[in-house]
There are 2 protein chains.
Amino acid sequence: MNASRTARERVRAELTREITDIARRHLATDGAPGLSLRAVAREMGMVSSAIYRYFPSRDDLLTALIIDGYNALGEAVEQADAGCPRADHAGRWRAVCRAVREWALAHPHEYALLYGSPVPGYQAPQDTIGPAMRDTLVYGRIIAEAHEAGVLDPPAVFPPPPASFAEDAVRLRAVIPGVPDDVIARAVMAWTGLFGMVNFELFGQFNNAILDPATLFDHNMTALGRVLGLP
Amino acid sequence: MNASRTARERVRAELTREITDIARRHLATDGAPGLSLRAVAREMGMVSSAIYRYFPSRDDLLTALIIDGYNALGEAVEQADAGCPRADHAGRWRAVCRAVREWALAHPHEYALLYGSPVPGYQAPQDTIGPAMRDTLVYGRIIAEAHEAGVLDPPAVFPPPPASFAEDAVRLRAVIPGVPDDVIARAVMAWTGLFGMVNFELFGQFNNAILDPATLFDHNMTALGRVLGLP
DNA sequence: AAAAAATAGAGAGCAGTGCTCTTGACGGTG
DNA sequence: CACCGTCAAGAGCACTGCTCTCTATTTTTT
């Protein structure tokens with residue numbers, strides 16, 4: 001009864017997976033603009049129109065790849081964090097930064113899909129926001145735990161954030177519970193600093209200027225950790 | 001003689017300008033992926049093939065737009081800097097940051113062309129690197145002048161950059177003459193931090209999290225100024 | 001077990017793209 | 001004046017996303 005109904009659904013699930021696998025390979029080699037439903041269908045020995053039974057539009061395929069990408073990055077970040085002693089908050093932060101950079105270098109086109117220019121007509125559906133927060137939650141947890149452990153000591157060299165920031169801070173505190181507004185502002189700074197540096201390296205802004213980005217990245221992430229108040 | 005030869009060249013220059021103008025308008029409304037040579041030709045009352053007399057490929061048109069974009073951003077940054085008292089280095093840095101953000105918000109698709117994901121097959125030709133450095137030179141000059149004036153006082157909360165960074169620092173010192181390696185590393189941090197924040201706001205990473213990005217941006221840029229050692 | 005309904009694939013077709021090639025006209029130069 | 005280079009036009013190639021119809025098969029319902 002269930003097995004028979006599953007017969008069709010199983011082959012459907014199988015084909016869906018095969019489509020995303022091929023699409024991910026095409027994405028990795030040709031980049032997002034070169035991803036073509038027809039090419040994927042061709043490689044599957046399918047006629048182009050048949051693929052629309054599985055993904056009603058190219059954007060839907062891209063959405064699937066985006067979700068996969070966020071999950072892959074999130075998992076890489078989670079594993080990097082898990083590989084560190086829980087009390088070594090600074091080390092966890094550095095490991096997590098390195099994991100982001102290494103994942104991005106290993107999957108540049110997928111990374112560009114997540115953190116590059118948005119496709120003009122494309123509106124990210126609701127399903128993406130969960131996976132998109134996976135890595136963010138890790139950074140937040142590290143900072144929150146460091147604060148909770150009483151080891152967070154942000155250097156007092158910045159002016160306090162303006163009062164009007166308090167409103168946004170409320171929302172952001174869902175990710176970094178328990179910390180004051182000042183730490184939240186610093187967290188956003190570290191967060192954008194991390195991805196700003198990965199973006200620049202990956203998108204070519206460092207070309208001919210920085211030949212050893214790994215060294216500078218490690219150093220700057222350590223510095224950002226200090227900005228956060230990590231020891 | 002010259003006037004007659006110019007007659008043709010003048011109309012050619014005129015048409016070239018008209019093409020880039022229309023293309024820029026299309027870029028602004030539809031984004032880079034939606035920029036179509038045929039659509040531009042159509043709007044000019046030209047047949048599509050005729051446009052290839054002026055731009056041998058779509059990439060060449062994009063290159064022209066990229067150069068224009070870098071120049072526009074560079075000019076905006078230069079003007080912002082010029083509008084400040086020379087001795088107010090911190091104010092100049094803030095003004096310049098604000099100029100970048102405002103230009104990006106006003107020209108999101110052009111900004112994405114400059115600082116977003118690179119087009120896979122596209123290789124930026126040599127002509128772009130000059131204009132691409134226009135804004136960078138402004139940041140560098142501010143920092144170098146602050147250092148020269150003796151007002152640069154970077155907080156001693158970071159470890160010194162690793163020795164292997166010295167090699168890259170030599171190259172980067174062409175933009176920020178006279179400053180020690182530590183300041184150069186901080187400058188890269190501020191530079192990537194600035195664009196990291198603009199990217200996140202423009203590319204949608206702040207969605208539903210930060211509703212008042214202008215406030216946080218100003219505050220974080222001030223903080224980055226402090227990281228640099230600006231008063 | 002037979003009938004009805006849902007699903008999958010095939011094929012043709014539409015409108016659009018970048019780009020190439022050939023053809024005919026016009027303008028500046030010897 | 002004759003010539004040669006430049007230009008626009010048009011047709012055409014290979015490709016894209018996507019829609020529609022038709023047929024075969026599988027699943028569900030009667």
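Proteins come first, then strands; the chains are lettered A, B, ... in the order of their sequence lines, and each starts at number 1. Predicted model only: the values in this text are computed from it and were never measured.
For B/R38 against C/dG16, a side-chain-to-base donor-acceptor contact under 3.5 Å is absent. For a distance-only test at 3.5 Å, the side chain of A/R58 fails to qualify as a donor-acceptor partner of the base of D/dG17.
The distance between atom CZ of B/R53 and atom P of C/dA25, rounded to the nearest whole Å, is 16 Å. Atom pair A/L35:CG and C/dT17:C1' shows a separation of 17 Å (rounding to whole Å applied). Going from atom CZ of A/F55 over to atom P of C/dT7 covers 17 Å, rounded to whole Å. One can place OH of B/Y52 at 13 Å from C1' of C/dC21, the figure rounded to the nearest angstrom. For A/R10 and D/dT27, the CZ to P distance is 11 Å, given to the nearest whole Å. Note: CG (A/L61) to C1' (D/dC18) measures 14 Å, nearest angstrom. C/dT17 atom P lies 17 Å from atom CG of B/D59, rounded to whole Å. Rounded to whole Å, atom C1' of C/dA8 lies 12 Å from atom CD1 of A/I19.
Counting only N and O atoms by type, the side chains of B/Y122 and B/T63 include a donor and acceptor under 3.5 Å apart. With 3.5 Å as the limit, one finds no donor-acceptor pair spanning the side chains of A/D81 and A/Y139.
DNA chain D is contacted by both A/S49 and A/R42; A/R42 maps to the nucleotide lying nearer its 5′ end (nearest heavy atom per residue). Comparing B/A50 and A/A39 by the nucleotide of DNA chain D whose heavy atom lies nearest to each, the residue mapping closer to the 5' end is B/A50.
The side chain to side chain contact (heavy atoms under 4.5 Å, CB included) test with B/L35 singles out one residue from B/I22, B/V40, B/D30, and that residue is B/V40.
Contacts of A/L15 with the nucleic acid, taken as non-hydrogen atoms under 4.0 Å apart, involve only primed sugar atoms and P, OP1 or OP2. A/S48 comes within 4.0 angstrom of a nucleotide base, judged by non-hydrogen atoms across all strands. At a threshold of 4.0 angstrom between heavy atoms, the contacts of A/Y54 are confined to the sugar-phosphate backbone, with no base atom among them.
In this structure, B/E43 places its CD atom where more than 12 heavy-atom neighbours from other residues, nucleotides or ligands lie under 6.0 Å away. The 12-atom threshold is not exceeded at CZ of B/R17, counting heavy atoms of other residues, nucleotides or ligands nearer than 6.0 Å.
Look at A/S36 and you'll find a side-chain N or O under 4.0 angstrom from OP1 or OP2 of D/dT16. Under 4.0 angstrom from either OP1 or OP2 of D/dT6 there lies no side-chain N or O belonging to B/R12.
The side chain of A/L37 lies closest to D/dG17, out of C/dT7, C/dC19, D/dG17.
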